There are 2 protein chains.
Amino acid sequence: MSDRRTQILDAAATLISERGFTSTSVDDVIKGAKLSGKSHFYHYFKSKEELGYEVLNRQFERFAERGLAILREPMIDPLERLNLFIDAVVALQSESGGRRGSPFGNLAAELADAHEGFRVRIEAVFERWASQIRSLLWEARPQLHDDVDAVRLSRFIIAALEGAVLMTRVKRDLSVLEGIAADLKRFITMHVRDGVVMQSSRNLE
Amino acid sequence: MSDRRTQILDAAATLISERGFTSTSVDDVIKGAKLSGKSHFYHYFKSKEELGYEVLNRQFERFAERGLAILREPMIDPLERLNLFIDAVVALQSESGGRRGSPFGNLAAELADAHEGFRVRIEAVFERWASQIRSLLWEARPQLHDDVDAVRLSRFIIAALEGAVLMTRVKRDLSVLEGIAADLKRFITMHVRDGVVMQSSRNLE
DNA sequence: TCAAATTAGGACCGACTGGTCCTATGACAG
DNA sequence: CTGTCATAGGACCAGTCGGTCCTAATTTGA
């Protein structure tokens with residue numbers, strides 16, 4: 001993959017996460033990626049829409065590498081991994097100082113109703129994310145109560161995190177996310193079988 | 001307040017919740033409210049921005065009447081009221097068939113970074129919402145553990161609900177919201193002092 | 001009755017939208 | 001040497017954006 005292409009993708013990712021997809025113009029992307037002109041851009045992407053799809057994919061891959069990867073660490077206890085993953089989400093959000101929400105949540109809120117193409121792709125992103133959590137939960141099932149519903153719990157975790165990131169952005173206060181993350185850990189602990197010890201890097205405050 | 005004005009406000013509310021603020025043009029609103037032309041619109045609102053602010057306020061008032069009001073019902077046990085409120089959010093969302101998310105969450109995701117005026121107003125909305133939950137929690141404090149942090153718990157509830165609505169919209173599946181709502185009720189139950197009975201219309205399934 | 005507010009409707013504005021097309025370089029691989 | 005691809009850059013397109021201005025008919029309240 002050419003250098004220029006990723007350069008465009010990166011510039012677009014930044015702009016879209018700052019102002020949304022609709023409010024990011026092709027000209028903005030061209031400026032951001034320092035291209036010579038429109039034809040230069042359309043040499044690499046056949047439309048703004050296609051650019052958006054690829055940006056979304058790249059954002060997910062990035063998130064998979066830097067966040068989701070933790071869920072699969074083989075040497076760490078699964079539930080401990082879940083706590084570490086939540087910490088990672090907090091850390092990722094801290095990088096932008098609480099500004100700039102989840103790239104998935106943002107696009108979802110902006111386009112889920114209006115643009116079916118995006119909706120389907122965002123749904124797929126959430127599904128892949130949820131499935132990672134589900135397999136971790138499956139792995140941890142000896143430590144969990146029998147009635148734990150992995151599908152529901154995985155959705156709850158994602159919803160809480162997405163909602164938390166959104167509120168953090170609105171309040172411009174990272175401690176909102178930190179508090180919700182801590183509560184979320186406690187909620188997960190609720191599903192742990194009695195007598196099973198669980199320690200975490202930062203849980204329960 | 002004139003009839004026309006509310007007519008415009010209603011049309012705009014529908015359009016904005018369907019396509020977002022930026023993607024709703026003044027001409028769309030004019031068409032939706034069946035006005036004669038632009039000058040007719042600008043007779044009532046000095047700018048699109050001001051229209052947006054008023055729409056947000058009206059959405060909150062509507063939500064306050066139809067949802068938040070439950071939190072203040074004097075004859076019902078506070079924690080039971082909280083469950084009823086969560087049910088009401090689910091019911092409200094069902095009206096649009098799972099499509100069309102929270103008007104606050106949508107605007108937040110779309111404009112929190114880009115438009116300070118909206119950000120501040122959305123922050124105020126969430127704050128008023130949170131404060132209603134906080135006073136309910138205060139009222140319920142004899143039933144709750146001593147270490148319950150009302151500020152944090154209220155934020156958690158809002159974040160979970162906003163995240164749930166978002167995911168429901170993406171998946172186009174109301175059962176996502178229902179599941180998260182049920183889990184949220186269980187999370188709240190976790191804060192209740194042992195030995196205190198708490199029943200709900202639909203809790204814990 | 002007279003004035004103010006409301007309704008109606010059209011012309012117009014500069015800026016911007018996503019997108020196409022065309023020409024003319026340089027670089028590099030066969 | 002030749003053709004393909006990347007770079008560069010400008011002209012142009014039809015349509016939309018938020019917003020202004022102007023004229024005129026109709027309604028309403030004092």
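Any value given below was found using the heavy atoms of this structure, including those in side chains, with hydrogens, waters and symmetry copies removed. Predicted model only: the values in this text are computed from it and were never measured. We name chains A, B, ... by the order of the sequence lines, and we start the count at 1 in each one.
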Which is true for Ser39(A) with a 4.0 Å heavy-atom rule: it touches a base, it touches only sugar-phosphate, or it touches nothing?
-> base
Using a cut-off of 4.0 Å on non-hydrogen atoms, how would the nucleic acid contact of Thr24(B) be classed: base, sugar-phosphate, or nothing?
-> sugar-phosphate
[X] vs [N]: side-chain N/O to OP1/OP2 distance below 4.0 Å:
X        : N       : value
Ser25(A) : dC16(C) : no
Arg4(B)  : dA8(C)  : yes
Lys48(A) : dG18(C) : yes

Return yes if some donor-acceptor pair links the side-chain N/O of Arg121(B) with the main-chain N/O of Tyr53(B) below 3.5 Å, else return no.
-> no
Shortest non-hydrogen pair, Val170(B) vs Ala108(A), comes out as CG2-CB, 3.5 Å
Would you kindly compare Asp28(A) and Lys46(A) by the position of their nearest DNA chain C nucleotide and give the one closer to the 5′ end?
-> Asp28(A)
Whole angstrom value for the distance that separates C1' of dC21(C) from NE2 of His40(A) |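 Answer to the nearest Å: 16 Å.
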Leu51(B) CG - dG18(D) P separation (whole Å) = 10 Å
Could you tell me whether the side chain of Lys38(A) has a donor or acceptor atom within less than 3.5 Å of a complementary atom in the base of dG18(C)?
->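 Yes, the side chain and the base share a sub-3.5 Å donor-acceptor pair.
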Of the listed nucleotides ([options]), which one gets closest to any side-chain atom of [X]?
X        : options                  : result
Ser36(A) : dG18(C), dA6(D), dG9(D)  : dG9(D)
Tyr42(A) : dG18(C), dA8(C), dG18(D) : dG18(C)
His43(B) : dC22(D), dT7(D), dT6(C)  : dT6(C)
Asp27(A) : dA6(D), dG18(D), dT17(C) : dT17(C)

Give a yes or no on whether a salt bridge exists between Asp10(A) and Arg62(A), defined as a side-chain N under 4.0 angstrom from a carboxylate O.
-> no
Would Asp183(B) and Arg155(A) count as a salt bridge (Lys or Arg N to Asp or Glu O under 4.0 Å) if you check the C-alpha gap in whole Å, the side-chain angles of each, and the deciding distance to 0.1 Å?
-> CA-CA 10 Å; Asp183(B) 279 346; Arg155(A) 284 176 185 166; over 6 Å; no
